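Values below: every heavy atom of this structure, side chains too, minus hydrogens, waters and symmetry copies. Lettering follows sequence order; numbering is per chain, from 1. Model, not experiment: these values are computed from the prediction.
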Amino acid sequence: MKTSKSNFFNDVYEVVKLIPEGRVTSYGAIAEYLGTKGSARMVGWAMHGAVATHDVPAHRVVNRQGLLTGKIHFGGDRMQRLLEKEGIRVEDDIIQNFEKVFWEPIKELGL
DNA sequence: ATTATGACTTCAC
DNA sequence: CGTGAAGCCATAA
């Protein structure tokens with residue numbers, strides 16, 4: 001039986017679920033960990049389905065600038081609210097101390 | 001198979 | 001990090 005979602009999506013979900021609280025990561029970092037580092041957009045695409053399908057903390061996944069690009073799909077300031085709740089300072093849809101809260105799967109999980 | 005789109009990334013000004 | 005343009009890969013029609 002074929003999986004409902006492609007393996008690519010499944011991998012993204014697992015990595016995002018492994019993100020510790022108070023930490024965030026970028027699409028490129030996840031894509032790179034999966035081996036598809038050129039497909040950072042696909043990670044975002046996977047997250048689009050993740051929110052509606054799995055309990056994936058997509059709010060912990062932002063772009064390289066620390067900008068809450070995904071808040072648009074969260075539907076309001078829901079994403080920013082969750083981040084601030086975990087101790088992450090967010091201002092004007094931008095994560096402050098982004099370098100401090102940045103969490104790389106390759107570095108933490110080990111490649 | 002081809003075209004279009006997308007929660008991105010990088011380079012340049 | 002502000003804006004603009006090009007590149008990249010996977011999904012949908």
Under the side chain to side chain donor-acceptor pair (under 3.5 Å) test, residues paired with A:Ser26 that sit two or more places apart: none
Under the side chain to side chain donor-acceptor pair (under 3.5 Å) test, residues paired with A:Glu84 that sit two or more places apart: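 Once residues adjacent in sequence are excluded, A:Glu84 has no partner under the side chain to side chain donor-acceptor pair (under 3.5 Å) criterion.
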Value in whole Å for how far the [atom2] atom of [N] lies from [atom1] of [X]:
X	N	atom1	atom2	result
A:Asn63	B:dA7	CG	P	12 Å
A:Met79	B:dA7	CE	C1'	8 Å
A:Gln96	C:dC1	CD	C1'	11 Å

Any side-chain heavy atom of [X] within less than 4.5 Å of one from [Y]?
X	Y	answer
A:Arg23	A:Glu86	no
A:Met47	A:Val56	yes
A:Val61	A:Ile19	yes

Identify each donor-acceptor pair in which a side-chain atom of residues 68-79 of chain A lies under 3.5 Å from a protein atom, sequence neighbours left out, and give them as a table.
from	atom 1	to	atom 2	distance (Å)
A:Thr69	OG1	A:Tyr27	OH	3.3
A:Lys71	NZ	A:Asp77	OD1	3.0
A:Lys71	NZ	A:Asp93	OD1	3.1
A:Arg78	NH2	A:Phe74	O	3.4

Sugar-phosphate, base or nothing in reach of A:Val62, heavy atoms under 4.0 Å: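 Touches nothing.
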Classify every nucleotide of nucleotides 2-13 of chain C by which part a protein heavy atom approaches to under 4.0 Å, writing B for the base, S for the sugar-phosphate alone and - for neither, in 5'-to-3' order. -----BBBBS--
Could you point out which residue of A:Val62, A:Asn97, A:Leu82, A:Ile95 forms a side-chain contact (heavy atoms from CB on, under 4.5 Å) with A:Val90? A:Ile95
Considering only distance and modelled atom types, tabulate donor-acceptor pairs under 3.5 Å from the side chains of residues 99-111 of chain A, sequence neighbours left out.
none

Which of residues 26-33 of chain A have a heavy atom under 4.0 Å from DNA chain B?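 Result for residues 26-33 of chain A: A:Ser26, A:Tyr27, A:Gly28, sorted by number.
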